[in-house]
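Here is the structure we will look at.
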Amino acid sequence: MKRREFLQQSTAATALVTLGGLSLPSFTTGSRETKITILHTNDVHSHIDAFGPNDGRNPNQGGVARRATLIQNIRNENPNTLLLDAGDIFQGTPYFNYYGGELEFKLMSKLKYDAATVGNHDFDNGIDGLLAQLPHAKFDFLSANYDFSNTVLDTFVKPYKVFKKDGIKIGVFGLGIKLDGLVDKKMYKETKYLDPVEIATDMSRILKDEEKCDLVICLSHLGYHYRNAPNKISDLNLAKATKNIDLIIGGHTHTFLPKPTVAQNMEGKNVLVNQVGCFGINLGKIDFYFDSDKNKSAKGTSIIV
């Protein structure tokens with residue numbers, strides 16, 4: 001994709017943000033810079049087709065076909081790209097009612113998603129219904145705070161995964177929202193909900209210290225922020241209460257951010273928090289830059305599909 005075309009499709013561009021308390025030095029001729037691109041969606045809710053020209057809010061926006069073209073253009077520009085989804089893939093159009101999630105997973109596999117987390121609406125056909133569609137998903141589901149050990153999903157969902165792109169190790173782990181009160185118990189059965197802050201602390205430590213990841217990403221379906229319940233666990237509160245996380249990709253609250261929020265973790269270091277609305281109308285894009293010493297910085301934007 002030409003730079004001009006990319007900027008035209010972007011709702012906003014951001015300045016470079018340093019992460020981990022490290023400043024990124026100016027690159028001189030001959031120095032090596034590695035660029036890692038993170039693309040992400042959330043709360044697509046079975047929206048396969050683009051909105052029509054007469055749609056009041058989102059005319060001629062969204063659609064899997066357009067997203068596929070956009071993603072491929074970005075991958076052509078930078079092969080070091082990961083594509084992630086923050087949950088609520090299911091429910092919202094007749095495609096889900098008829099196919100039960102098969103179409104969504106097949107299309108995400110065609111788009112070569114690398115990983116997704118589990119949202120509360122992904123249980124809308126029950127835990128057995130979710131399991132039945134997993135063979136159509138050629139990507140991993142990640143959730144560290146849903147304990148599926150006493151359910152049919154045991155071993156089918158991983159807590160985290162490590163990716164390697166051009167010498168950079170990227171650790172991704174998933175977190176889900178409390179299902180009690182949101183989802184009928186019979187739909188998720190014996191799934192146990194574990195404290196997201198405790199689990200995120202443990203996962204990010206494992207990825208940073210044991211797996212030696214250069215970039216740690218939390219794929220969250222906790223919600224961005226709750227104005228009427230400011231102490232409720234959310235992405236912003238998770239950022240403040242933890243360390244070692246570089247990026248939180250969120251879902252659930254359908255929050256549209258034209259660019260990532262820069263939050264501070266418990267050590268006062270920068271954490272990016274992003275979410276791109278819903279229904280596949282926007283694609284999140286965050287570029288991380290690593291120098292030869294693996295100091296990193298980032299800039300991000302939301303691209304209208």
Side-chain angles (χ1 to χ4, degrees), residues 38-51 58 61-68 70-71 82-146 148 151-153 156-158 161 172-177 179 182-183 187-188 191 217-224 235 248-256 274-284 305:
I38 307 297
L39 301 178
H40 62 93
T41 52
N42 61 275
D43 299 280
V44 177
H45 285 295
S46 302
H47 281 264
I48 307 301
D49 300 320
F51 285 91
N58 311 300
Q61 294 180 13
V64 172
R66 291 174 179 170
R67 194 191 326 154
L70 185 58
I71 289 166
L82 284 181
L83 177 59
L84 307 170
D85 185 89
D88 273 8
I89 297 164
F90 290 171
Q91 192 63 269
T93 73
Y95 285 116
F96 175 68
N97 303 103
Y98 190 80
Y99 294 107
E102 177 181 344
L103 184 59
E104 290 88 327
F105 284 176
K106 282 183 173 179
L107 288 172
M108 289 177 71
S109 299
K110 290 282 188 183
L111 268 61
K112 298 181 181 178
Y113 272 77
D114 293 287
T117 196
V118 183
N120 50 293
H121 278 290
D122 298 321
F123 293 96
D124 280 5
N125 269 352
I127 198 167
D128 297 285
L130 176 56
L131 175 66
Q133 302 303 336
L134 286 185
H136 303 300
K138 307 305 179 186
F139 52 92
D140 289 306
F141 277 91
L142 308 176
S143 184
N145 73 317
Y146 286 162
F148 291 118
T151 76
V152 294
L153 284 182
F156 287 94
V157 178
K158 303 175 181 179
K161 185 172 181 178
V172 183
F173 70 97
L175 293 177
I177 195 166
L179 297 173
L182 277 179
V183 181
M187 306 301 272
Y188 63 89
T191 303
I217 299 172
C218 173
L219 204 50
S220 161
H221 200 78
L222 297 173
Y224 176 73
D235 293 339
I248 299 173
I249 294 172
H252 186 63
T253 48
H254 295 197
T255 305
F256 170 72
N274 206 30
Q275 192 176 148
V276 288
C278 55
F279 308 150
I281 295 166
N282 298 283
L283 178 69
V305 178

If every non-hydrogen atom of Y99 is compared with every non-hydrogen atom of Q133, which pair is closest and at what distance? O-NE2, 3.7 Å
Heavy-atom closest contact (S143 atom, G176 atom, distance): OG-N, 4.4 Å
Decide side chain to side chain contact (heavy atoms under 4.5 Å, CB included) for L82 and I38; before the verdict, give the C-alpha distance in whole Å, the side-chain angles of both, and the deciding distance to 0.1 Å. CA-CA 5 Å; L82 284 181; I38 307 297; 4.0 Å; yes
Between the main-chain N or O of L83 and the side-chain N or O of D114, is there a donor-acceptor pair closer than 3.5 Å? yes
Which of these passes side-chain contact (heavy atoms from CB on, under 4.5 Å) with R67: N282, I281, T41? T41
Over 60° means perpendicular and under 30° means parallel, so classify the ring planes of F148 and F123, tilted if in between. tilted
d(I89 CD1, E104 CD) to nearest 0.5 Å is 8.5 Å
Minimum side-chain heavy-atom gap F90-D122 below 4.5 Å: yes
Output for pair (Y188 OH, L130 CG), nearest 0.5 Å, gives 15.0 Å
Looking only at heavy atoms, what is the nearest atom pair of I248 and S220, with distance? CG2-CB, 4.0 Å
Could you measure the distance from the CG atom of N125 to the CG atom of L131? Nearest 0.5 Å is fine. 12.5 Å
Residues two or more places apart in sequence or in another chain: which of them pass ring-ring contact (aromatic ring centres under 6.0 Å, His included) with H252? H221
Test of understanding: with side-chain contact (heavy atoms from CB on, under 4.5 Å), list the residues that count as partners of K138, not counting sequence neighbours. S109
Below 4.5 Å, heavy atoms only, C-beta onward: do L103 and Y98 meet side chain to side chain? no
L153/L134 under side chain to side chain contact (heavy atoms under 4.5 Å, CB included): CA gap, chis, key distance, verdict: CA-CA 10 Å; L153 284 182; L134 286 185; 3.7 Å; yes
Can you tell me how far the CD1 atom of I71 sits from the CG atom of L111, to the nearest 0.5 Å? 4.5 Å
What are the two closest heavy atoms between G62 and A50, and how far apart are they? O-CB, 3.3 Å
For H121, check ring-ring contact (aromatic ring centres under 6.0 Å, His included) against everything at least two apart and list the hits. H45
Backbone N or O of G87 within a donor-acceptor pair of the T117 side chain at under 3.5 Å? no
Look up atom CG in D88 and atom NE2 in H254, then write down how far apart they are to the nearest 0.5 Å. 6.0 Å
Heavy-atom pair with the smallest gap, counting every atom of D124 and N120: OD1-O, 3.9 Å
Test side chain to side chain contact (heavy atoms under 4.5 Å, CB included) on Y146 and I177; report intermediate values, then the result. CA-CA 9 Å; Y146 286 162; I177 195 166; 4.0 Å; yes
Rounded distance [0.5 Å steps], OH in Y113 versus NE2 in H40: 10.5 Å
Residues in ring-ring contact (aromatic ring centres under 6.0 Å, His included) with F141, at least two apart? F105, F139
Check side-chain contact (heavy atoms from CB on, under 4.5 Å) between K112 and all other residues, then give those that pass, not counting sequence neighbours. R75
The side-chain contact (heavy atoms from CB on, under 4.5 Å) partners of N42 (sequence neighbours excluded) come to A86, Q275, V276
Shortest non-hydrogen contact between V157 and L142, atoms and distance: CG1-C, 4.0 Å
